[in-house]
Amino acid sequence: MNRLFGSAPKAPKPTLNTAISNLDSRISSFDVKIASLNAELGTYQNKMAKMREGPGKSALKAKALKVLQRRKQYESQRDQLQSQVWNMEQAQTMQDNLAGVMTTVDAMKTTQKELKKQYGKVDLDKIERLQDEMADLMDVGNEINETLSRGYEVPDDVDEAELDAELELLGAEMEMEGVGMDAGGVPDFMKDEVPEFIDEPPETNAKVQEAAR
């Protein structure tokens, strides 16, 4: 038949989440049954509390014992299912953690490839040459700054004898210039004419002495 009509479609494989959901549903059904038995036991206990000892109370007690036995069975089965759910939840947690680790590893591999690609474009020799050129330029700049900041001071190796001779020569020139001045201290070249920026002719020595008195 399968050759004629083909094989039936395969059902999807169960997952941990699906299995946990199924077990949770079964646990909930057991909780409902246990609650119902607890209510029934409560009813029997209330009735037995009001009855005297006798066959009626004994029969009611036997029913209560059967209900209690059923409740214990349901509780045992529920506890087993809860243990299974706990184990599967732990397995699901491990699976999720493993998936997270794999995602991290894939991201690291991708990053590694990109870094290799980028670093492959970097030429270390060019960077070193660039650093050397920058260092040379800095040295040149420092030399220029030192040259521009150099002071214009008198050299220390000037001969004092030459300075003395030059000083005597200046004194002789000043004496020669003093010969051309009259007693009033006015040079000869200023006696005949007065510059335009002087309003009055220079006063004589006698007038200066009278003003001082």
side-chain contact (heavy atoms from CB on, under 4.5 Å) between Q118 and L115, intermediate numbers included: CA-CA 5 Å; Q118 295 297 327; L115 288 175; 5.7 Å; no
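Here the CD-CG distance, from E75 to L37, works out to 9.0 Å after rounding to the nearest 0.5 Å. How far CZ of F30 is from CG of D79: 10.5 Å, rounded to the nearest 0.5 Å. Distance check, rounded to the nearest 0.5 Å: CG of N46 to CG of L60 gives 10.5 Å. One finds the CG atom of D24 at 11.0 Å from the OG atom of S29 (value rounded to the nearest 0.5 Å). For the atom pair CE of M134 and CG of L130, the computed distance is 6.5 Å after rounding to the nearest 0.5 Å. With values rounded to the nearest 0.5 angstrom, D132 atom CG is found 11.0 Å from L137 atom CG.
A single hydrophobic cluster is seen to contain both L148 and V140, as judged by linkage of ILVMFWY side chains at heavy-atom distances under 4.5 Å, directly or through other members.
Side-chain atoms of Q92 and D96 include a donor-acceptor pair closer than 3.5 Å.
Distance alone, capped at 3.5 Å, is enough to place a donor-acceptor pair between the T147 side chain and the E143 backbone. When atom types are taken as modelled, the side chain of S76 and the backbone of Q73 share no donor-acceptor pair closer than 3.5 angstrom. Put simply, the side chain of T104 gets close to the backbone of G100: a donor and an acceptor are under 3.5 Å apart.
Atom CD of E89 sits in a crowded spot, with more than 12 heavy atoms from other residues, nucleotides or ligands closer than 6.0 Å. Under a cut-off of 6.0 angstrom, the local environment of NZ in K47 is sparse, with at most 12 non-hydrogen atoms contributed by other residues, nucleotides or ligands.
In this structure the side chain of R71 reaches within 4.5 angstrom of the side chain of L68, judged on heavy atoms. Side-chain contact check for D125 versus R129: some heavy-atom pair is nearer than 4.5 Å.
In plain terms, the two heavy atoms of M48 and K57 that are nearest each other are O-CE, 3.4 Å.
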